[in-house]
Asker: 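I have a structure here, written as structure tokens, and I will follow up with some questions on it.
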Amino acid sequence: MGISRDSLHKRRATGGKKKPWHKKRKYDLGRQAANTKLSSHKTVRRIRVRGGNYKFRALRLDTGNYAWGSEAVTRKTRILDVAYNASNNELVRTQTLVKNAIIQVDAAPFRQWYQQHYGVDLGKKKAKGGKKEGEEEEKAEGEAGEEVKKVSAHVKRKHEQRLATHKLDPHLEDQFAAGRLYACIASRPGQCGRCDGYILEGKELEFYVKKMQKKKGKSAA
């Protein structure tokens with residue numbers, strides 16, 4: 001029979017049956033869902049569609065371009081996990097990548113940019129004692145030796161000016177420490193063959209964190 005997207009087989013709004021007045025048409029056809037999986041073996045198929053155009057059906061992906069909206073920066077990063085999907089929990093269990101799915105991405109590219117732009121390493125965990133923290137920094141610098149980059153006074157001033165008017169979201173700071181950022185997929189992997197999106201921030205991040213905690217609580221119960 002094939003997959004069809006027509007409405008001839010459906011009943012009217014009043015509940016009455018409709019008699020089909022024509023056979024299936026090419027423009028009514030549907031195709032099998034892509035069900036793009038999270039995998040390191042990237043697989044994208046090219047499909048010839050109506051009008052001689054092409055769609056790119058991603059079957060397996062593990063990378064994408066993600067935008068950090070408040071900082072106006074985009075980096076290619078690795079997708080680590082599917083964390084939440086509002087439509088179906090099965091899509092989380094099976095690690096399926098679809099539009100609007102909440103995923104976890106590698107924080108490393110954004111951390112590197114942040115360090116270059118603001119001169120602050122977000123990966124460092126805060127020490128409990130002030131003296132110990134200073135001692136640890138000195139030891140780290142001694143061990144690194146040549147790896148420590150010397151920063152000019154001009155660049156230091158630039159960093160200070162930027163930090164004066166900048167404040168990082170505490171939720172994001174915790175995620176940077178863990179090395180994983182929550183992001184939302186904005187593209188359609190089954191249509192364009194890409195898995196791009198944006199980093200979650202502010203109210204949207206709070207909303208999804210609450211949802212995920214609620215879901216964890218239910219599964220534990």
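As the structure is a computational prediction, the values presented were derived from the model and not from experiment.
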Asker: ring-ring contact (aromatic ring centres under 6.0 Å, His included): which pairs involve residues 152-173, sequence neighbours left out?
Answerer: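 For residues 152-173, and leaving out neighbouring residues, the ring-ring contact (aromatic ring centres under 6.0 Å, His included) pairs sorted by first residue read Y114-H166, Y118-H166.
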Asker: Taking ILVMFWY side chains as joined if any heavy atoms are under 4.5 angstrom apart, and letting links pass through other members, which residues group with L8?
Answerer: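 Members other than L8 - counting any ILVMFWY side chain reachable under 4.5 Å - are W21.
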Asker: Going by heavy atoms in the side chains, are L168 and L122 under 4.5 Å from each other?
Answerer: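 L168 reaches L122 side chain to side chain.
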Asker: List, by chain and then residue number, the residues other than Y198 in its hydrophobic cluster (Ile/Leu/Val/Met/Phe/Trp/Tyr, side-chain heavy atoms under 4.5 Å); write none if there are no others.
Answerer: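 Grouped by the 4.5 Å side-chain rule, Y84, I102, Y182, L200, L205, F207, Y208, V209, M212 form the rest of the cluster around Y198.
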Asker: How long is the gap from NZ on K167 to CD on E173, to the nearest 0.5 Å?
Answerer: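 Reported value, rounded in 0.5 Å steps: 10.0 Å.
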Asker: Tell me, do N65 and R194 make a side-chain contact under 4.5 Å, heavy atoms counted?
Answerer: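 Result yes, sub-4.5 Å side-chain heavy-atom pair found.
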Asker: Cluster partners of V98, using ILVMFWY side-chain heavy atoms under 4.5 angstrom, listed by chain and number?
Answerer: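 Members alongside V98: L91.
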Asker: With sequence neighbours left out, write down each residue that passes side-chain hydrogen bond (donor to acceptor under 3.5 Å, both in side chains) with E90, or none if nothing qualifies.
Answerer: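 By the side-chain hydrogen bond (donor to acceptor under 3.5 Å, both in side chains) rule, E90 matches R93.
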Asker: Decide yes or no for I103 and L97: does some side-chain heavy atom of the first lie under 4.5 Å from some side-chain heavy atom of the second?
Answerer: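 Yes. Closest side-chain heavy atoms under 4.5 Å.
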Asker: May I ask you to check whether over 12 heavy atoms, not counting those of E206, lie within 6.0 Å of atom CD?
Answerer: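 Yes, the 6.0 Å shell around CD holds more than 12 heavy atoms from other groups.
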Asker: Can you tell me if T43 uses its side chain to pair, donor with acceptor, with the backbone of H41 under 3.5 Å?
Answerer: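 Judged by distance alone, yes, a pair lies under 3.5 Å.
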Asker: Give the minimum heavy-atom separation between T74 and A67, together with the two atoms involved.
Answerer: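 Scanning both residues completely, I find the closest heavy atoms to be OG1-CB, 3.5 Å.
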Asker: Report yes or no: do L80 and Y66 belong to one cluster of Ile/Leu/Val/Met/Phe/Trp/Tyr joined by side chain heavy-atom distances under 4.5 Å?
Answerer: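 No, L80 does not connect to Y66 through the hydrophobic network.
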Asker: Begin from the C-alpha positions of K37 and T96 and carry the test side-chain hydrogen bond (donor to acceptor under 3.5 Å, both in side chains) through to its verdict.
Answerer: CA-CA 5 Å; K37 301 295 178 198; T96 306; 3.0 Å; yes
Asker: For residues P109 and K76, report the shortest heavy-atom separation together with the two atoms involved.
Answerer: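 In this case the closest contact between P109 and K76 is CG-O, 3.7 Å.
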Asker: If you group Ile, Leu, Val, Met, Phe, Trp and Tyr by side-chain heavy-atom gaps below 4.5 Å, do I47 and L61 land in one group?
Answerer: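 In one cluster with I47: L61, no.
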Asker: Can a donor-acceptor pair be found between the side chains of W113 and E71 at a distance below 3.5 Å?
Answerer: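 Checked: W113/E71 side chains show no N/O donor-acceptor pair below 3.5 Å.
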Asker: By the side chain to side chain donor-acceptor pair (under 3.5 Å) test, which pairs, at least two apart or in different chains, include something from residues 44-59?
Answerer: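 Sorted result for residues 44-59: K55-Q191.
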Asker: Would you sort out whether R12 and K18 count as a side chain to side chain contact (heavy atoms under 4.5 Å, CB included), showing the intermediate values?
Answerer: CA-CA 7 Å; R12 293 190 176 90; K18 282 191 281 188; 3.6 Å; yes
Asker: For residues S187 and I185, report the shortest heavy-atom separation together with the two atoms involved.
Answerer: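 Smallest heavy-atom distance, with atoms named: O-CG2, 3.4 Å.
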Asker: Look at the side chain of E201 and the backbone N and O of S70, then say whether any donor-acceptor pair between them is shorter than 3.5 Å.
Answerer: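 Here the side-chain-to-backbone pair exists.
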Asker: What is the minimum heavy-atom distance between Q32 and I3, and which atoms define it?
Answerer: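 That closest heavy-atom pairing would be N-CD1, 3.8 Å.
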Asker: Measure the NZ-CG distance between K158 and L163 for me, rounded to the nearest 0.5 Å.
Answerer: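 Nearest 0.5 Å value for the NZ-CG distance: 13.5 Å.
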Asker: So K215 and V92, do their side chains get closer than 4.5 Å, heavy atoms only?
Answerer: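 Heavy-atom side-chain distance check passes, below 4.5 Å.
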Asker: Side chain of K10, backbone of K17: donor and acceptor closer than 3.5 Å?
Answerer: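 Judged by distance alone, no pair lies under 3.5 Å.
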Asker: Answer whether the closest heavy-atom distance between the side chains of L172 and I199 falls below 4.5 Å.
Answerer: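 Yes - at least one pair of side-chain heavy atoms lies under 4.5 Å apart.
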Asker: Measure from the side-chain N and O atoms of R78 to the backbone N and O of V105, and report whether any donor-acceptor pair falls under 3.5 Å.
Answerer: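 No, R78 side chain to V105 backbone: no donor-acceptor pair under 3.5 Å.
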Asker: Quick check on the hydrophobic clustering: are L59 and I79 connected, directly or via other members, by side-chain heavy-atom contacts under 4.5 Å?
Answerer: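 Unlinked, L59 and I79 end up in two clusters.
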Asker: What pair of heavy atoms forms the shortest contact from P189 to C195, and how long is it?
Answerer: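 Smallest interatomic distance, heavy atoms only, reads CG-SG, 4.3 Å.
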Asker: So, the side chain of R31 versus the backbone of L29: is there a donor-acceptor pair under 3.5 Å, distance only?
Answerer: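 No, because the side chain of R31 does not come within donor-acceptor range (under 3.5 Å) of the backbone of L29.
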Asker: Looking at every non-hydrogen atom in both residues, tell me the closest pair between D62 and S40 and how far apart they are.
Answerer: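 Looking at all heavy atoms of both residues, the closest pair is OD2-CA, 3.6 Å.
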Asker: Any side-chain heavy-atom pair from V44 and R60 closer than 4.5 angstrom?
Answerer: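 SC-SC contact between V44 and R60 ruled out.
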Asker: Measure the CZ-OG distance between R25 and S4 for me, rounded to the nearest 0.5 Å.
Answerer: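 Nearest 0.5 Å value for the CZ-OG distance: 11.0 Å.
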